[in-house]
Amino acid sequence: MTQFGYFGPPDRRCFAAIDSPSAPHRATVVVLPPIGYEQVAGHLAIRRLTRRLAAGGIRSVRIDYHGTGNSMGDMHDPDRFEAWTASAVDAIERATAADGEPPIVVALRLGCLVAEQAARVADIAGMVLWDPILDGRRHVRTLKLLGQGLGPIPLPHPDDVAAGGIVYPGALLRRLATLRLSTDRLHVPALIVSRVESPELVTAAGTSVVRIAGMADLFDVDAEIATVPEQAVQEIATWIGGAAPTVTHPGPLDLDEEASESVDGATLIHRARTVGSADVFAIDTRVHATMPCVAVLALNNGVAPSIGPGRSWLEFGRALAVTGFRVVRCDLSGLGNTPARPGCTENQTFPYHAGEDIAQVVATLAAEGVTEVVPMGLCSGALTSFDGALRCPQIRTIVSINGRPDHPFTDPRSVRRHRAGGQTNRLLAIPLRKTPLIPTFNRIPEFIWSVLDAVRLVARPTVAYERFERLGGRVLAVFGDEELGLLGLRHRAGRRLAGLVERGAVDLRIVDDLDHSMFRVHHRPEVLDIVQGYLRDRFAAALRNTTA
């Protein structure tokens, strides 16, 4: 059983997920995640661990630090590292107050430095350091190198760094550079789960070190192809099972369902909830005391949770909510905080049951007075938006950002007919790891692609647009000028695309130099302006009629 909600003082509200066993728990663990892109890559590994712990009777509290994940605040707020430490201390103290015993802390990557600082303030029963960052200065250098990979990016201050879609303020980088994890001074029982290639560590008495292969395949690769080192999960769960103190009077640990924040003079209410029989996780945002009749439904891109690329769905959601929309950021089955459906695997970029998930969310919103829902997706989320549109008459508008012409090719035959984007023969499909081949394929003449589509070998990339047009729908399609999805549309179905634009079924907008995942953060305001302006014009009457 998982409970979602918020905790912490009014000026530092943080999101948390509590995974509890079916019977009364015998101990509690507080999980401190990585930061930035590593938080996306490590999300599934953390969920695998907390499920394993729950099976052993141990409750877990997964938190997002203030200004990260689904928590309130921003990376540009002052004293970021101190705020993260305070978030950890708040969670630890709440767990201690509930159980009468201090919890064990599990920390990953940069979270290990947070854990060490928090342990100086709050009592803990033990500590697990998973692939710890030992030297803050070295980590800062790594972030700077990663930032250089996207080329020059205009940032608010010259000493800021953008890496993995997250802007790290210069003040935070300077603070991180002062930190070093002293493994020889840990004052509680500890387990360090290290990489095989890491140097030998000098550790304190009572500290165990386990070296696990495959850690780089979790944190050093694209999140879509990251693999969870199951040996690490097993070692950690076993160690916690033996080290955790058994609480004699386990107490409840409640979270607030809602949190509020002030944005541009408006008070926004964020509500954490699950929807439908599939337990679709969602964060529902609106202006306080209003009931908008139009909802924007932000979907996963790749395997990123509901925060979107670099937290951009949260940023977009705030702006659209202030404009007068209701914004629902959700996780489809097997992604983020939504469990996979029976028989399906986790972290599927194009979940088999995306259309059903969207339909359940739309039905719930309709029962609450929403008359129209606008799915908004990037990459895979753009395509799964159309899957939902085939099922829901409340969807007449879609916002597609850098949508891809590639289609899922691992679907069971029983669900293929529900795919709006058509199907490509599995032998001819282009898996994610082979996307560098797409420019070569785009040199093939358009008439050959038409033949391949006619004989049902390779679906044309416009098929989802055309099906939605027949239902009376309209699409805002935003692309970077060199985006593979745009190039695929133009090269493989250029005439069809031109017809869709001419008929008004597709409003095509091009943003120069926009990268696929919007990690070049200076382009996000331009994309947001396009989306906000389009939706404001399309739903002007509904926005005027938004009532309390």
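We're numbering straight along the sequence, starting at 1.
Residues Met518 and Leu378 are in side-chain contact: their nearest non-hydrogen atoms beyond the backbone lie under 4.5 Å apart. Residues Arg59 and Ile18 meet the side-chain proximity criterion, which asks for heavy atoms closer than 4.5 Å. The shortest side-chain heavy-atom distance between Arg524 and Glu315 falls under the 4.5 Å cut-off. Residues Phe219 and Pro34 meet the side-chain proximity criterion, which asks for heavy atoms closer than 4.5 Å. Here the side chains of Cys112 and Leu129 are in contact, with some heavy-atom distance below 4.5 Å. Side-chain atoms of Glu82 and Gln117, non-hydrogen and from C-beta on, never get closer than 4.5 Å to each other. Using a 4.5 Å heavy-atom threshold, the side chains of Thr85 and Tyr65 count as separate. Between Val327 and Trp313, the closest side-chain pair of non-hydrogen atoms is not below 4.5 Å.
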With side-chain hydrogen bond (donor to acceptor under 3.5 Å, both in side chains) as the test, would you mind laying out the steps for His66 and Arg80 before giving the verdict? CA-CA 8 Å; His66 185 257; Arg80 287 297 76 204; 3.2 Å; yes
Report the C-alpha separation of Gln532 and Thr323 in whole Å, then their side-chain angles, then the decisive distance to 0.1 Å, and conclude whether the side-chain hydrogen bond (donor to acceptor under 3.5 Å, both in side chains) test is met. CA-CA 8 Å; Gln532 199 168 17; Thr323 302; 2.5 Å; yes
Applying salt bridge (Lys or Arg N to Asp or Glu O under 4.0 Å) to Arg341 and Glu356, what does each step give before you reach the verdict? CA-CA 11 Å; Arg341 288 174 179 253; Glu356 295 177 26; 3.1 Å; yes
Chi angles and distances behind the side-chain hydrogen bond (donor to acceptor under 3.5 Å, both in side chains) call for Gln360, Thr364: CA-CA 6 Å; Gln360 290 191 12; Thr364 300; over 6 Å; no
Run the side chain to side chain contact (heavy atoms under 4.5 Å, CB included) check on Asp131 and Ile212 step by step: do they pass? CA-CA 9 Å; Asp131 197 10; Ile212 304 291; over 6 Å; no
Please report the C-alpha distance between Gln39 and Arg109 in whole Å, then the side-chain angles of each, then the deciding distance to 0.1 Å, and finally whether the side-chain hydrogen bond (donor to acceptor under 3.5 Å, both in side chains) criterion is met. CA-CA 9 Å; Gln39 187 173 13; Arg109 301 292 289 154; over 6 Å; no
The test is side chain to side chain contact (heavy atoms under 4.5 Å, CB included); show your working for Leu299 and Leu332 and say whether it passes. CA-CA 7 Å; Leu299 302 174; Leu332 300 175; 4.2 Å; yes
Does Leu268 form a side chain to side chain contact (heavy atoms under 4.5 Å, CB included) with His288? I'd like the steps, not just the answer. CA-CA 6 Å; Leu268 299 185; His288 175 65; over 6 Å; no
Check against side chain to side chain contact (heavy atoms under 4.5 Å, CB included), Val140 and Arg174: CA-CA 8 Å; Val140 168; Arg174 289 189 292 273; over 6 Å; no
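Note on Arg326 versus Glu368: salt bridge recorded, some NZ/NE/NH1/NH2 to OD/OE distance being below 4.0 Å. Salt bridge status for Arg195 with Asp220: present, with a side-chain N to carboxylate O gap under 4.0 Å. The pair Arg175-Asp79 does not count as a salt bridge, with every side-chain nitrogen at least 4.0 angstrom from each carboxylate oxygen. A salt bridge does not link Glu197 to Arg211: none of the charged side-chain nitrogens sits closer than 4.0 Å to a carboxylate oxygen.
Checked by atom type and distance alone, the side chain of Ser87 pairs as donor or acceptor with a backbone atom of Ala83 at under 3.5 Å. In this structure, Tyr37 contributes its side chain and Ala223 its backbone to a donor-acceptor pair below 3.5 Å. Side chain of Thr142 to main chain of Arg138: a donor-acceptor pair is present (N/O by atom type, distance under 3.5 Å, no hydrogens or angles). The backbone N or O of Ser194 lies less than 3.5 Å from no partner atom in the side chain of Ser198, so there is not a single donor-acceptor pair. Using a distance-only test at 3.5 Å, with no hydrogens or angles considered, no donor-acceptor pair links the side chain of Asp284 to the main chain of Val328. With Ser380 contributing its side chain and Gly302 its backbone, the two residues share a donor-acceptor pair below 3.5 Å. Side-chain atoms of Thr183 never come within 3.5 Å of backbone atoms of Thr203 as a donor-acceptor pair (strictly under, hydrogens ignored). Put simply, the side chain of Arg311 gets close to the backbone of Gly67: a donor and an acceptor are under 3.5 Å apart. With hydrogens and angles ignored, the 3.5 Å screen pairs a side-chain donor or acceptor of Arg94 with a backbone N or O of Asp254. A donor-acceptor pair is defined here as one N or O able to donate and one able to accept, closer than 3.5 Å; no such pair exists between the side chain of Asp99 and the backbone of Val247.
Atom CG of Asp123 is surrounded by 12 or fewer heavy atoms from other residues, nucleotides or ligands within 6.0 Å.
Taking all atoms of both residues into account, the shortest heavy-atom contact from Ala244 to Ala27 is CB-CB, 3.6 Å. Pairing each heavy atom of Ala304 with each of Val40, the nearest pair is CA-CG1, 3.8 Å. Between Val233 and Ala45, the shortest heavy-atom contact is CG2-O, 4.3 Å. Counting all heavy atoms, side chain and backbone alike, Leu155 lies closest to Ala162 at CD1-N, 3.8 Å. Taking both residues in full, the closest heavy atoms of Ala88 and Leu32 are given as CB-CD2, 3.7 Å, listed atom of the first, atom of the second, then distance. Scanning both residues, Leu218 and Ala226, for their nearest heavy atoms gives O-CB, 3.6 Å.
Using a 3.5 Å distance cut-off with no hydrogens or angles, the side chains of His523 and Asp515 do not pair a donor with an acceptor. Side chain to side chain, His270 and Glu258 fail the donor-acceptor criterion of an N or O pair below 3.5 Å.
The side-chain contact (heavy atoms from CB on, under 4.5 Å) with His43 is formed by just one residue from the set Asp331, Val303, Asn337; it is Asn337. Applying the side chain to side chain donor-acceptor pair (under 3.5 Å) test between Asp19 and each of Gln3, Arg62, Arg51 identifies Arg62 as the sole match.
Rounding to the nearest 0.5 angstrom, the gap separating the CD1 atom in Ile63 from the CZ atom in Phe7 is 4.5 Å. In this structure, His139 NE2 and Leu173 CG are separated by 9.0 Å, a value rounded to the nearest 0.5 Å. The OG1 atom of Thr285 sits 5.5 Å away from atom CZ of Arg329, with the distance rounded to the nearest 0.5 Å. Summarising the geometry, atom CZ belonging to Arg318 is positioned 6.0 Å from atom CG belonging to Asp74; distances are rounded to the nearest 0.5 Å. For the atom pair Ile401 CD1 and Leu514 CG, the distance stands at 8.5 Å (nearest 0.5 Å). The CG atom of Leu134 sits 5.5 Å away from atom CG of Leu181, with the distance rounded to the nearest 0.5 Å.
Using cut-offs of 30° and 60° for the angle between ring planes, the Phe281 and Phe4 rings count as tilted.
By the salt bridge (Lys or Arg N to Asp or Glu O under 4.0 Å) test, Glu257 is found to be paired with Arg271, residues two or more places apart in sequence or in another chain being considered.
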